[in-house]
Visitor: 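Provided herewith is a single structure, encoded as structure tokens, for subsequent inquiry.
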Number of protein chains: 2
Amino acid sequence: MSLTKAEEQLMEYLWQKEKVFMKDLIECFPDPKPATTTVATLLKRMQDKGFVAYTLFGNSREYYPLVEKKDYFSKHVNGIIKNFFNDSVAQFGSFFARDTSMSTRELEELRNIIDEEIKRKQNG
Amino acid sequence: MSLTKAEEQLMEYLWQKEKVFMKDLIECFPDPKPATTTVATLLKRMQDKGFVAYTLFGNSREYYPLVEKKDYFSKHVNGIIKNFFNDSVAQFGSFFARDTSMSTRELEELRNIIDEEIKRKQNG
DNA sequence: ATTTTTATTCTACATTTGTAGAGTATACTA
DNA sequence: TAGTATACTCTACAAATGTAGAATAAAAAT
């Protein structure tokens, strides 16, 4: 199961804060902020889906993510690659390098990141 | 406006075929195939959103995409980068290189693609 | 010409999603 | 301790989405 748009937005705040009480979550939103009950509903649904949990502090709850951002997006991006890029990372990479309007500087930065990752994989 | 899951799936078939009659679109689906009316509804909604159009051939329509796949996903991926990776391609690139479990071979292939893209940008 | 098939629209409905009021319980305050 | 604020749940409902039957129209087959 995956997150809806509204849940995803909320999850992003969760990921940013790592731990957060509901009232502080609401603060994260730009105006007009949603009603507390709206956020409460979303958090409940996200619990049901296994994406968040909380620690009870007195009478209120400190929420935290159960799913790491990188795992979530890894699954997400791999899904896109599987469904729309012929299950080929290279095909997606090609698209990404050519069609997302990266500057030369960004491309070079990305190449360095990949180089480092290759080294990291070889050495340890 | 963007596509829903079901519409996105259908769009993928449109992109693959480039031009296609509805009955052939239905053939693209794995069993159990959707009802023709289901596909018709989706196509109608996609027309309303400006994603597809058709050419009339006798009494039936040959549908074709109005939006290119690369443009669609460019927007999509850029949206993810903006919302969840701090609007930084490098941050997304880092994530992509490290956390999507690419093999060394895939990483090297990707580096080559990027190299070529850098050259292409420089020369013409 | 009548039946059958094909193509498309209209309408409908269940499910999911976005949003929040009303209610309840607990805690804080005057 | 009566009144107010806080935290959360339950219920509700509109909009979006997924799915398709019934109806209609045109074409093909007999």
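So that the names make sense, note that chain A is the first sequence line, chain B the second, and so on, each numbered from 1.
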Visitor: Please classify the nucleic acid contact of B/S60 as base, sugar-phosphate, or nothing, using heavy-atom distances under 4.0 Å.
Guide: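 B/S60: backbone/sugar contact only, no base atoms under 4.0 Å.
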Visitor: Roughly, in whole Å, what's the span from CE in A/M22 to C1' in D/dT6?
Guide: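 After rounding, the gap between these two atoms is 9 Å.
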Visitor: B/N59 side chain: which of C/dA7, C/dG18, C/dG21 is closest?
Guide: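 Among C/dA7, C/dG18, C/dG21, the one nearest the side chain of B/N59 is C/dA7.
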Visitor: For B/K121, does the NZ atom sit with more than 12 other heavy atoms under 6.0 Å from it, leaving out its own atoms?
Guide: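 Counting other residues, nucleotides and ligands, NZ of B/K121 exceeds 12 neighbours.
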Visitor: Side-chain contact test, heavy atoms from C-beta onward, threshold under 4.5 Å: evaluate it for B/V77 versus A/F95 and give yes or no.
Guide: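 Yes, their side chains come closer than 4.5 Å.
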Visitor: Distance check needed: D/dA27 P versus B/L56 CG, whole Å only.
Guide: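 Atom-to-atom, B/L56 to D/dA27, this comes out as 10 Å.
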Visitor: Please pick, from C/dA22, C/dT19, C/dA7, the nucleotide with the shortest atom-to-atom distance to any side-chain atom of A/T37.
Guide: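 Selected nucleotide: C/dA22.
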Visitor: Does B/W15 reach the main-chain N or O of B/K70 with its side chain, forming a donor-acceptor pair under 3.5 Å?
Guide: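 Such a contact is absent between B/W15 side chain and B/K70 backbone.
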Visitor: Give B/A35 one of three labels, base, sugar-phosphate or nothing, depending on what nucleic acid heavy atoms sit under 4.0 Å from its own.
Guide: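 Answer is sugar-phosphate: B/A35 comes under 4.0 Å of backbone atoms only.
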Visitor: Is the shortest side-chain N/O distance from A/T38 to OP1 or OP2 of C/dA20 below 4.0 Å?
Guide: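 For A/T38, the contact criterion (side-chain N or O under 4.0 Å from OP1 or OP2 of C/dA20) is met.
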Visitor: How close or far is atom C1' of D/dT17 from atom CZ of B/F51, stated in whole angstroms?
Guide: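 Result: 15 Å.
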Visitor: Grab the CZ-P distance between A/F29 and C/dT19 for me, whole Å please.
Guide: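 After rounding, the reported distance stands at 9 Å.
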Visitor: Under a 3.5 Å distance rule, please check whether A/K17 uses its side chain to pair with a backbone N or O of A/Y13 as donor and acceptor.
Guide: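 Not confirmed, A/K17 side chain does not pair with A/Y13 backbone.
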Visitor: Between C1' on C/dT8 and CD on B/Q47, what's the gap in Å once rounded to a whole number?
Guide: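 Interatomic distance, CD of B/Q47 to C1' of C/dT8: 11 Å.
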Visitor: Quick one: on DNA chain C, does A/G58 or A/A6 contact a more 5' nucleotide (nearest heavy atom)?
Guide: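 Its nearest nucleotide being more 5', the pick is A/A6.
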Visitor: Grab the CG-P distance between B/D24 and C/dT6 for me, whole Å please.
Guide: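 Nearest whole value for this atom pair: 13 Å.
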Visitor: A/E8 CD to C/dT16 P: how many Å, rounded?
Guide: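 Rounded to the whole Å, the gap is 18 Å.
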Visitor: Separation of A/R45 atom CZ from C/dA20 atom P, in whole Å?
Guide: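 One finds 12 Å between P of C/dA20 and CZ of A/R45, rounded.
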Visitor: Between B/F84 and A/Y72 (judged by ring centroids, cut-off 6.0 Å), do the two rings come close enough to count as a pair?
Guide: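 That pair fails the under 6.0 Å test.
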Visitor: If you compare every side-chain N and O of A/R61 against the phosphate oxygens of D/dT9 (OP1, OP2), does one of them come in below 4.0 Å?
Guide: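 Yes, within the criterion.
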Visitor: Students often get this wrong, so: under 4.0 angstrom with heavy atoms, is A/T4 touching a base, only sugar-phosphate, or nothing?
Guide: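 Sugar-phosphate contact only.
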Visitor: When we call it a touch if two heavy atoms are under 4.0 Å apart, what does A/A40 touch: a base, just sugar-phosphate, or nothing?
Guide: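 Here A/A40 touches the bases of the nucleic acid.
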Visitor: Could you tell me whether the side chain of A/T41 has a donor or acceptor atom within less than 3.5 Å of a complementary atom in the base of C/dA20?
Guide: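 Pair found.
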